[in-house]
Every structure is written in C-alpha cells, then in structure tokens.
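In what follows, a single structure is set out as structure tokens and then discussed.
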Amino acid sequence: ACSSKEGSKEEKEPEAELIVSTWGFSEDFFRENVYAPFEKEHNVKIVLDTGNNADRLNKVRQGNSDVDVIFLSDYYAQQGVAEDLFEKIDSSKISNLDKIYDVAKAPLGEGFGPAYTIAQFGIAYNADEVKQPITTWKDLWNKDLANKITIPSITSTTGPMFLDAASKISGSKEFNEDQAFAEMKKIMPNVVKEYGQTSEFVNMFSQGEIVAGPIMGMYFASLQEAVPNAKFVTPAEGGYAVMNTVNVVKGSDQKELAQSFINFMLSTEVQEKSAKAKIDSPVNTEVVLTEEEATNMTYGEELVNSLITLDMKFVNEKSKTWIDRWNRELVQ
Amino acid sequence: MSLFTLENIAVSYNKQHVLKDFNLEIEKGKLVSLLGPSGCGKTTTLRLIAGFLQSDEGKFLFQEKDYTKVPVNKRNFGFVFQNYALFPHLTIFDNVAFGLKLRKVGKAEIEKRVMNVLDIVNLQGFEKRYPKELSGGQKQRVAIARALVIEPDLLLFDEPLSNLDANLRESMRVEIRRIQQELGITTVYVSHDQEECFSISDQVAIMNKGVIEQLSDPATIYKYPSTKFVADFIGFKNFIDFDTVAEREGQIELKKGDYTFVIQKDGEMKNISGKTGAIRPDNLQIRAKSAADPLPPNGLFGQVNVTTFLGRSYQYVVETAIGNFVVNQEMAQPLSMGQEVILEFPKDEMVLVD
Amino acid sequence: MSLFTLENIAVSYNKQHVLKDFNLEIEKGKLVSLLGPSGCGKTTTLRLIAGFLQSDEGKFLFQEKDYTKVPVNKRNFGFVFQNYALFPHLTIFDNVAFGLKLRKVGKAEIEKRVMNVLDIVNLQGFEKRYPKELSGGQKQRVAIARALVIEPDLLLFDEPLSNLDANLRESMRVEIRRIQQELGITTVYVSHDQEECFSISDQVAIMNKGVIEQLSDPATIYKYPSTKFVADFIGFKNFIDFDTVAEREGQIELKKGDYTFVIQKDGEMKNISGKTGAIRPDNLQIRAKSAADPLPPNGLFGQVNVTTFLGRSYQYVVETAIGNFVVNQEMAQPLSMGQEVILEFPKDEMVLVD
Amino acid sequence: MSKKYIYLLLLPGVLFLTIFMLVPIFMTMGTTFFREDGFTVEGYLQFFKDPYFMGILFTTLRVSVITTIISIFLGFPVAYFVSKMGPRKKAFLLLLTIFPLLTSPVVRSFSWMIIIGKNGVLNNILTGIGLIEEPLSILYTPTAIIIGLVHLFLPLIIITLVGVMENIEPDLLTAAESLGASKLGVFAKVVVPLCVPGLVIGSILVFVGSFTAYTTPALLGGKQRVISTFLYQNAITLNDWQVASIVAVIMIVVTVLVISLMNVLAKKLNPRG
Amino acid sequence: MQEKSRGLALFTFLVFLFLLGPLLIISITSFEGGNILKFPPEEFSFRWYENIFKVKMFFITFKTSIFVSLAGNLLALLLGIPAAYALSRYDFRGKNVLNLIFVSPILIPGIVLGFALLRYVVVAYEFSIYTSLFIGHTIIMLPFVVRVISSSLSNFDFSIEEAAQSLGLSKVGAFFKVVLPNIKSGIIAAVMIAFLESFNNVDISVFMTGPGVSTLPIQMLTYVENYFDPTIAAISVLLMIITAIFMFMVERLMGLSYFTKR
Ligand SMILES: Nc1ncnc2c1ncn2[C@@H]1O[C@H](COP(=O)(O)OP(=O)(O)OP(=O)(O)O)[C@@H](O)[C@H]1O
Ligand SMILES: Nc1ncnc2c1ncn2[C@@H]1O[C@H](COP(=O)(O)OP(=O)(O)OP(=O)(O)O)[C@@H](O)[C@H]1O
Ligand SMILES: [Mg+2]
Ligand SMILES: [Mg+2]
C-alpha cells in the first residue's frame, strides 16, 4: 500500500505500511504479540482494516482499500480466489508451511493462502434442559426439541456445513441437495430462529430461548459461563472444520513483506501464544498444549484429521441456489 | 333578570393583578360595551368569560349556573379575536363553517348560513381563499362571520371592527346590532371607538386598571361621567379644579381663584359632590375678542396657542389665566395663532366629577 | 421636489390585479395618508414601497434613484405592520433596540433612545416583558416605537393606531406628527380613521380598487370630494342624482323631478361638471314640521324612519319623496319615529361630484 | 422575491446530492435496465412474477405500515403533551426522547428479549399475576419486529412533531374551542391539520426506516424474512449487485408510492400544506 | 379539561415507560460482573466500563464518529437550511421534484447507496477515507435537516422576517437573527436527529471506512461479532451519560430552555 494515504494516522513516519484486513477481535493480543514484533523486525507499520468477512471482501473487490494481507474464513476466501483477487503465494518464502497440518496448507487450492487456524463446528446444548445428552447431528431433529434450537443461517460461514450435515442425516453418502433440504424441512419446527451472528446464539442460549444448537467450539467458553451445565460435543457423524485463511491481495505493493507476515503468523511462537491465550487454535504441529490449555481448542492431529472439510469451491458455486431454496422452502 | 354575573373576579399574570374585585352583571339580550384605555383588562375580561382563562378568585354565573369551571367548548359562546385567529389551513368557507360542522348542521343548511353571513360581512366570492390571501380588514370580517354564524348564547367581541374603514365599520356595526337584537344574543363588546360603543350598546362599562369605574346606559355616561377618569376618557378634555362648590337656587356656584362659574343643576345630574368641573372641547364656545369686549358670565379671556384642522372643525388650544383649554369649533375661517379670544362655558354643558 | 415617485405600478396576486396603473408622488418631509375601503390595496402599496413585494410593472423612484430593485434592508424605511410583527423571542427592549443595534449605535445611546421612545408610546416599565405578555394595544405601540426609533428616511404606517383607545390614539398621533415633522421624515400613513388621517396629513389619497381617486390636502378633500366614491367614503352619505344642472348668477341650479335646489358656487369649488349632489348628514338641517309649514327653499318634507344615538348627536334616517336621507343633529330632545319633518340642504354645504 | 434567488438557495444542496448521490445511484441502477441487447425490464418482471418475493415485499410493507401507524398514534399525543410543557420540562422530555437512539441495536434487541422473551419480564409478570398460564410467544414474531421498530422510530416522530406544534398560534386552539370543539375536536380539527407537514415527514422517516431496517428484524424477528434481508443476502453475501440494485429500485418505487399516498392523505387533512 | 389532560399525562407517561424501560434494563445489565449479558445480573461490577477504556479502538472510533457526524452535520445544515427555507417559504416550479430529491437519500436503501458511493465516487475520484465518510454522512443527514426544519417552518409567521428587514437586516441577517431563533427547537430537533442517524449509521459507513479508520457503530458491530460481554451495553450507557452531562452543561451555561421556544 502506498504510504501517502491521508487516512493513516502517522503522517511523518518514513517506513512502509502493511495494511492488514482482519476481523478485529483480540486486537490487543495481536498488537502486542504479532504486529509489534513484526513491525520491529521489518521496520514497517501495520495498519488494520477491521470488519466482518463480507464487508472487507467487498471493499477489496472495489479496489479501494489498498489492503496487502487479508484474513478471511475459507468460505469468503474461496470467493476471492474465484474472482482472482489474490496473489499466488511463493511457498518457498513461507518456511513455516512445513510445520502445519496438511489440511491447512492450501485449503483454497494450490498457491493460495494457508489456514492459520482451524475451528471446530459442533453442537452445544444445555444439559439441564435436554432429556437425553445430545451426541449426534441427528439428535437435533428430535421432536423433544420443538422450538428449542437455533441453526446457523445459510449465509453465515457455517450454514453450508449444517446443510451438509443434513445431507448426511438423510443417509446419502455424497452430498445430496434435495435430500438435505428435505431433512432441513423436518428440523424447522425445532428452530426458533436462525442465527447470523454468534452473539445471537449466546444470548438466546443464556436467556433460555434455546437449549441447543450447532456452534463453533471456540465460542463454547462463553456459553459455559452463562449456563454452567452446557456441553459441547463433536457429533458422532463428525464435526466440521472451519478454516481461517490468510492471503495476499492482488496489486499489493508489499508482496514480500506480506508473505513474511503470513510466515510469521504460522510460526510456532505466534501459534503457541495465541493458543495459550485461547484465541486461535493452532495449526502448527510443533505447538504443545497441556490438557488445561487445550480445553475448547481444536487441538491434536487426531481431532483435526477427523474433522470434515467442505469443498469451498463447490459451496461457492452452489450458494446462490442454496440461499434461494433455503428462503423459499424453509423459512416461509 | 341578569343572564350572567361576574362576582369578585381576580385575575393575575405572573402575580400581577390584571383584574381585581371585578363585578359585572348583564341582562339577557343586552349588548354591553367595555371601554377603557389600552391594557386596562378588556381582553382579559372577555377571555375570562369565554373560559380561556381561569380566575384566581371569584365566580362566573351564567343563567344562574356556576360556569366558572365549565370547559370552553361547552359554553357555546362566540368569540371574535383581536388578532382574528383564523385557521390558516381552512378556506374562508371552512373557517366560517367550522362551528356549524361541529354542531352537526346539515350540509345544505351550512352552505346557506355560511353564504348568508359572508354576505352580511361583504365577502361574497371569497369563500375559496385562504386566510393569508386576505387583507387585514377582510380577515377581521371573517372572524366576525365565524362567530355570528353559530348563533351562540353569548357573543364576545374583541375590537371586531378596528381594521375597517368608517363606512364598513358603520354598516357592520348596524348588522351586528341587528343580528344581536333579532336573535336576542347577549353580547359583550370591546372597542376603543367611543362612537361605536355608544351607538351600539345598551350599556357601557368604562374600565380603568382592571375595575369598572362606571356602568350606565350610553346617554348617561356621555352626559354625566361620574369620575374624572371617565370624563377624561370620553372626551371631557377640559378640567377645572374648583376651590369652592356651593349650591344656590337650583344652580351650583363654583369658584376658582377670582373666577366664578355657574352650573345648571338638572334632575338627572348624578354627581354634585365632585369638586372638579369638566367640559368637552366641542361644548366650549370660542370667539375672537375685540378690544372692548367685557368678560361674559362663565367666561374667560385667553389666547390661541395651537390650531389643528380636524375635518369637520378646527381645534384650538387656548391659554388662560387658570390653565389651557381645548376647544373644537366649526367655523369658516380659522382663528390664527396668538389671537385674543373669549371662552365661554355654557352652564348646562359643564358637569362635576369626583 | 418629490422625494419619491411610484410610476405606473401594477401588482397582482394569482393573476388578479390588486394595483394597476398606480401613480403616487410624495414630497420630502410630507405625511401622506392612504384612505380607502378594506381590501382596496393600501397594505399592498405600503409593502411595495417597503420592498417586500416586487411590482409586475412600473417603477419606484426614491431621491431620484431607481429603487425598484433595491433590497429591503438597503432602503432604511421604517414599517409599522398591521399585525405588529413583533419578534417573539425578544423582550420589548430588544424589539425596539433591534434596528439601533444593527446601526451600531453605542450601548448607552441605545438605552437612551429606546427608553425615550418607550416613554413616548407610554410603555415605560414594560422593557423586560415579551410580546406575548402584552395587550393588543400595547403590542401595537411597541411596533410604532420600533419603527420610530431608527429615524428612517421614510416611515410607513399600516393602521398603526387601530387598537388604541381614543385618547391614546390622539396623543400618539400628535407624537407621530411631532417626530415626523421634527426630523422631517417623509411618511406614508394608512388608516381607516378619517379624523386621524385628516388631522395628521399634509396630503390625503383616497384609494378605490387599487387606484387613487383623489389626492389633495385634507381640507380640500374634506370639502370638495371630486367623485361620488370619494364623497361617499368621507361621509357624504346623501346623494341626489339630478336631472338637470344649470349655472346661473354665480349659483348652480339643479333639478330633480319637481324639486329645485341651488348650490353656491365658490372659488375653490373644483367640480361643477358633476350631476350628482352630495351632502353630509351633519350638514343637513332637520326640524319638526308643524302642519302649516310651507316647503322652504332647498327643502324637502319627510318622515323620520330610524333614530340612533351617537353620543354627541342623534342620527335620523328620513324618508322623502326623492329618497331616504341620513341626518345627524345635536338636539336636547330626540325626534321620534314617524315624526313629520322638514329637511333643508344649506346651499353652501352641498357639492357636485362625478 | 425573484425566482432566481430561490433557486440559488437550493442550488448548493441539489448540486451536492446530484454529484455524490444521484449520479452514482443512477449509474448503479442503470445497469439493471440494460443487457447486451439493450433496454429491458426483464429483471424486474421476474421479481414481480415471483410469489416468494412478493410475499416478503408485502410482509415488509405490512410491518412498516403498522409500525408507522402505531408510532403516529403513540407519538402524536405525546408530542402534543410535551409541546404544552414549560420550556424546561419540554427540553428535559425531549432529552429523554432521544436517549433510546443512543443505544446500539444489538443491546436494544437484547433488552427486548429480556422483556418479551419466553422467560422475560413481561411473561413473568403476566403469569405471576395469573393473567395467563402459558408464556406468550411474542419474541421472534412479526409483533416483536414491530415493537422493536416502534421503539426505534418513535423518538423521531415525537421530536419532529414537537417542533411543528410549537409554532401553532395558541389562539387558534382557543378559537376552535370557543366554536364548540372539544379538546379532542381541537386536536383533530386544528392541531392535526396544522401538524400535517411534520406528520408527513415524521411518517416518512418511520416508514422508510422500518421498510429498510435490517438489524432489528434480523435480531427480533424469527424465521421471518423482510425485504432488506433479501437485499443483504444478494449484495453482501452473494455480491450480486445487479439483483441488489433491482431490489433497491423496487424498494424505492414502493416507498415513493407510499409517500405519494401519504401526501394525498395529507392534502385532505390540510389542503393548504 | 383537567380530566382530559390527566389522561394525556398518563398516556405520555406510559409511552415514556415504553421508550425508557429497555434502557433501564440495558443499564442494569451493563453492571454485570460476568462475561455474558445477563438479566438480572449476578454480580455487580464496573469491569465492562473499564474494558471500554482498555480497547483503544472504541475511543479512536468514537472520536472519528463524533468528528464525522459533527462535520457532516455542519455541512448538511449549510446546504440544508437554505433549501428548507426556500422549500417552505416559497411556491415555485419544480418544488415537488426538489422535495423528492432532498428526501431521496433516506429512500434509497443504505447499502446500495453506500455501494454506489464507494464504486462511483470514492474509488473513481480516489477520495481519502475521511473525505468519503464525511460526504457519505452529509448525504445521510441532509434529508433529516431539510425536512425537519421545513416542517417546523410550515406554521411560521414570516411577517417578523419582513419586520427585521425593514429595520435594516439583510435577508440573510433576518434569517439568522429572527427566523432561526424562533424555530430553534426545530433546528435542534433536526440537528439531533441527523446527528444520531449519522452517529448510528452502519450501512454506508461500512463502505466508507478503511485501514485504520472506522466508526464507533462499526467497531461495536465488529465487537459483538466476536465477544458477548456487556461492553456494548456499557458503551450505550456511557453515551447516555455523556449526553446527559452535555445537556447539564448546556443547562448551566444557558438554561435547558435554550433548546425550546419560549
Ligand atoms: N396573498 C394574497 N393572495 C391573494 N390575494 C391577496 C393576497 N394578499 C392580499 N390580497 C388581496 O388583495 C387586495 C388588497 O389587499 P390589501 O392588503 O392591500 O388591502 P388593504 O387595503 O390593506 O385592506 P385592509 O384595510 O382590509 O387592510 C385584497 O382584496 C386582498 O384580498
Ligand atoms: N400573558 C401575559 N403576561 C403578563 N401580562 C399580561 C399578559 N397578557 C396581558 N397582560 C397584561 O395585562 C393587562 C391587561 O391586558 P388586556 O389584554 O386585557 O388589555 P386590553 O384592555 O385588552 O388592552 P388593549 O386595548 O390594548 O387590547 C395589560 O397591561 C397586559 O400588559
Ligand atoms: Mg385587548
Ligand atoms: Mg391592510
């Protein structure tokens, strides 16, 4: 990014700027443990553009934001790839790639950004309020849960995953759209409403509006605080992997630096710190956590490998149809 | 029998009394005028009667019922506002029809009555206009029409003709009087125009600083004001504070310094206790003095100070040994400044006031 | 030399002409009154002069400069509004001081001048109040004070005294006249009160439907109206449309049916071409007719139809062979309804009009 | 006053809006009328033929109209009351009125969840005093959306109306009363018509606000879809600005229609305005 | 009369209860000690208030928001007041169209407006982030300013404006000295509504913000996407307190009634 933009705060500092587009959570942690050391080492200033996936991606699309590095969930990152918004990465420049799980290396396709963390999409429930412990996706279909659960909206990152789960419930091995929707139709009586933001899930859960629902594991700690007897399970059919990726935006004038930044994100040092701070589950295999430290984290090769990954390319191609069907068939 | 009574009313704004110990009684079907200087409380009295204002003390009886707390809209009184208060969002027709519609009068009837009253106030053809498209006098007439058309139990007029020219004012006041008498609507009328008040009223109340100084039929007030204030207010511009007052042979003899005056005492004359003589400029006689003229009885020598043309007559201010006097007299050739004159005080035109 | 001139002015609202071919010329230092019936265009004329209104046609010259397009605030004219237009958010003091502050007058000077003018309009002690805390007449006086205090080049008064009682009105008009003359401020004055207009003005313009019918000094208009409209407007209530008019021996002989009238022809008399005779109610002579009375010259027999008390005098409507006549006469005992009377038309009081 | 001068007053604003709003908007929307083969309204026709789309359009319309009507009915008397207060009390009440606007939509909807939720304050009270047995389910229904929207937009209408009511000359109200109008009559026949300009703009603010609202329906509504959900899905999630623009144009047209209707009604109430 | 206005007073009270009740709940939850919004709160604490000051972005974006809203408000007033005046004072050709133009920014769904602005103005002319935010917010505020002010001018008696002119004020001067003071509460209402609309705006701001620059509502939105604690409630309460303090200062300086008509 050119450093002469008025928008950036420091006018006089001569050093280059690296513009990083990210969600904006735990900013203090990142500032201290990631940005600051990186700035120091490379004599660069990191400027953040924060916001949700869609908004940030949209700004990159319009070519306005001069972003160099962008953090996106795999679903949105795939859109960026499809629209040719990202630079190919020179994997030789990212030495830490070797240290991470294979699934995380190039989830969007060869040459595109790696996932720097993997989260698990499973089920949380309130053990006080459900008759039998929930262990499978299928359990959410139980009539006992009428009007007591929430599911992710199809437009959110995890929406397609739940749709996939529905397809699995139907017994189909391959993803079967029609059967999935048929199953979805059956679960709707149980659904109070869909949630678009995790905060909604948390609020509904803590206010007793719902007793169960699919959610990403990283948020479970919050639920547990509100409802001490809350449980998080990896459903028997398998949890889903939600991968957050880092990419270099096309037209970046700091490509080298951007790659160094990605490399730094994958470094054992950063990965370990952020895991211990319970911010992001590590993808770096060198990171070792105690059991205590691993609670609510997606940790361990075994677990990671057991997670189902969706073909985001396929999801992207289909999302318009799915959204449309979802609107028409499920919520009307 | 009196239709309504104001008893010991007191009204104040910001703790300052505007009306105090105010009493007024009006008989059914009568038209009573309130006359008084600007700010004396005329509008306040009307607003009180209309119910826009609550009195601090006192009682308002209407048809023997206590009306003090009856809400405005239950009173069925017509009010013509000093500042018109026309509804800007309604046409002239709708302004006038407003009260009728509320009374659920039929459409055809409304049409008829509104057109009729607009005719009376000389505003045929203005029905479709909005108030802001009228001249001041036209607005005022709409305000009158709006109050008349509902044929209320009591009509309250606050300077309803102030913005009309003499002719219109005269014809309007005749109309108001006619309607008022025909329908027997009791009316309280505020105007600063004395001729208007005197010609239209059954009774005139002269107000001063929130109290009524005199309440009588017009002719009595006109001829026999009872206080100096009233006299002054209705045009007795000349006053002489006498040193002594004595009754003698059906006449009253008055002395001021070296001068002696005589006043005819007639039957109706109410006030003979006062020590101040009052006379109107119109009633003073003035004529040029030739060198040899002696001082006539009830006369004074003087000198013309100021001359003003009034249309009908000329007005002079004459300087005399016991003060300045104002005289109006019709004459072909005006007297000139500095002219020596003789003033005469006709003995049946001077009155005594408190 | 004329200070300002209105030349062929035309003004219209919604395509209807309110003023048309309007011409007016006023000399420096003079006070000119506009008199005319409600809705004839007086306010419109003033607004035009003030610059609130643009004329469709015509020119306005002031001190020989074309003022037609000069913005209001560059004109330095004082305007007293018919509806007062006081600033509701300012105290009386600030309302009056408004113009002075704009003229960057010093604080002490403002204080002095405002207090002085408030004194003139009799509102000492009201400085701290807000307009809504005043009576109608008080507001009107503030409006006058506000216009006077800036000592403008031209003063425009729109019915400035309409809501004041007779005494105040008189003293105010004397003050206005005094200030106007002392400072030599040219003034255009609109009022519906004829006495006021006549007493205060150097010239009077009688308007009718947007044109000036007659412009003269007050005495001339008062005595010699040139048209029927003007005559009627200024109080010649009685008209006789003569069949023939003939001049004979310095007199004019007029015929109406069987009746013959004679009018004195004097030097000033401007209009001898008219065929309509006009006379004021005040100038008609009335007396009771005894059975044997012959018809006097310039006389008519009649019968009293209506009697009204006017304060000073009584008013009668008399029915005669050639129409009804209105007579005002002072008399101790009023004539009664139905009374047979003799009317006399003094030959020097009747005028001929177009 | 010369006409030129009037246009001069309007010019800066119009220029600003033209450059920064009208032109970009027309460029965005222009694309919805043109395909390779020239002008077309095909895109629009599809929407009007689609019962699903029409369904949510009408749902949204209904919710917005109801919200507007409720806001007027709640706001008008309150504005009247407030405008009659002394200056200090009036200022204080106006201050209280704007307070809700200072809270984020998320927290605000959370507070409504607490009030009208299954275990909410309202249900607790009602079941507590035995008025109902089963908790009312208001949350996640169109009713909840309406409550939320009214709460959101009521202040706008109150503040606007107070500003208008203050300039009504008090004697007009007394005049109406003296002609026989009850307090209610004065209100309906004089106050309301004179407030029409404020009422119109207030209603427009509320209606448009409700019609385009996204967060409140998303948080308080259940599975209910409103039209802005649809717009967001297409614009933000699918990045399909073509469809988003079509939806936006339809929304604008509907709004303009509703506003025209309101103006017609307003003209009836106050023909002069 | 008394009866009726007592009814009206009760009605007003209930409406205010409706408006303010939820705020009370928000205020209470903001003192929750735990990590989750809860009602009633389990323990009392100020920690989320402290948290506001710990997260630097809140303060930075708050400043941006205030700045943008104020500056935009100023421009909107500058552009809007003359327009409002012309639209309500005069009759002229094209008035309806102009009226429509001036409300149009609220008729156009925010995201579409934001998108169009981003694509055809900001990117095309390479405006900086602050400039774009400023322009975008001015556009949002303009209709509120124009319409609210012109509706409060609708019952205005313009003869006092003429009076002022005849006393020597220019047209502009008369407007400022006489018209404005008498529609003060209309202006204040317009300013407040416009300010809050802009201050709360998300739709358009989302497109106008960029690296290093964001507004408070967007920051708050970002926050709630990732955290579920009562910080946002605390911010809302804080904003109310700031407003109240501001009003209190105004009251001290010039009386609260400064905001309303006599
Ligand atoms: N805004 C307007 N639209 C249409 N007609 C108007 C408007 N203003 C005034 N008029 C008409 O123009 C005529 C002249 O009005 P103007 O106010 O000048 O009368 P005026 O002589 O001052 O009358 P008054 O003595 O009653 O005040 C009237 O007939 C009036 O109805
Ligand atoms: N709202 C108010 N606050 C304070 N004083 C007031 C208020 N209204 C009227 N007054 C005062 O009360 C007195 C009586 O007012 P009122 O309007 O009754 O007078 P008025 O006799 O009608 O006078 P005018 O002939 O000038 O209309 C006046 O001195 C006036 O200043
Ligand atoms: Mg009065
Ligand atoms: Mg007039």
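Labels below follow one simple rule: chain letters A, B, ... track the order of the sequence lines, proteins then strands, and each chain is numbered from 1.
For a residue to count as touching a neighbouring chain, one of its non-hydrogen atoms must lie under 4.5 Å from one of that chain's; by this rule Thr198(A) touches chain E with backbone and side chain alike. Residue contact with chain E, scored on non-hydrogen atoms closer than 4.5 Å, involves the side chain of Asn203(A) exclusively. Only the side chain of Gln197(A) comes within contact range of chain E, with heavy atoms under 4.5 Å apart. Residue Glu200(A) does not touch chain E at all, counting heavy-atom pairs closer than 4.5 Å. Both the backbone and the side chain of Ser26(A) come within contact range of chain E, judged by heavy atoms closer than 4.5 Å. Of the two parts of Tyr223(E), neither the backbone nor the side chain holds a non-hydrogen atom closer than 4.5 Å to a non-hydrogen atom of chain A.
Among residues two or more places apart in sequence or in another chain, the salt bridge (Lys or Arg N to Asp or Glu O under 4.0 Å) test is passed with Glu256(A) by Lys93(A). Checked against salt bridge (Lys or Arg N to Asp or Glu O under 4.0 Å), Lys250(A) has the following partners two or more places apart in sequence or in another chain: Asp84(A).
For residues 224-238 of chain E, heavy-atom neighbours of chain A at less than 4.5 Å comprise Val224(E), Glu225(E), Asn226(E), Tyr227(E), Phe228(E), sorted by residue number.
Sorted by first then second residue, the side-chain hydrogen bond (donor to acceptor under 3.5 Å, both in side chains) pairs that include residues 100-125 of chain E, not counting sequence neighbours, number zero.
Within 6.0 Å of atom CD in Glu32(A), 12 or fewer heavy atoms from other residues, nucleotides or ligands are found, so the atom counts as exposed in its surroundings. A 6.0 Å sphere centred on NZ of Lys148(A) holds no more than 12 heavy atoms belonging to other residues, nucleotides or ligands.
To the nearest 0.5 angstrom, Gln219(E) atom CD is 6.5 Å from Glu27(A) atom CD. If you take CG on Asp55(A) and CD1 on Ile218(E), they are separated by 7.5 Å, rounding to the nearest 0.5 Å. Atom CG of Asn58(A) sits about 9.0 Å away from atom CD1 of Ile111(E), to the nearest 0.5 Å.
The two residues Ile36(E) and Ala226(A) have their closest heavy-atom pair at CG2-CB, 3.9 Å.
Considering only heavy-atom pairs separated by less than 4.5 Å from chain A, the leading option among Leu221(E), Leu133(E), Thr222(E) is Thr222(E).
With hydrogens and angles ignored, the 3.5 Å screen pairs no side-chain donor or acceptor of Lys59(A) with any backbone N or O of Leu118(E).
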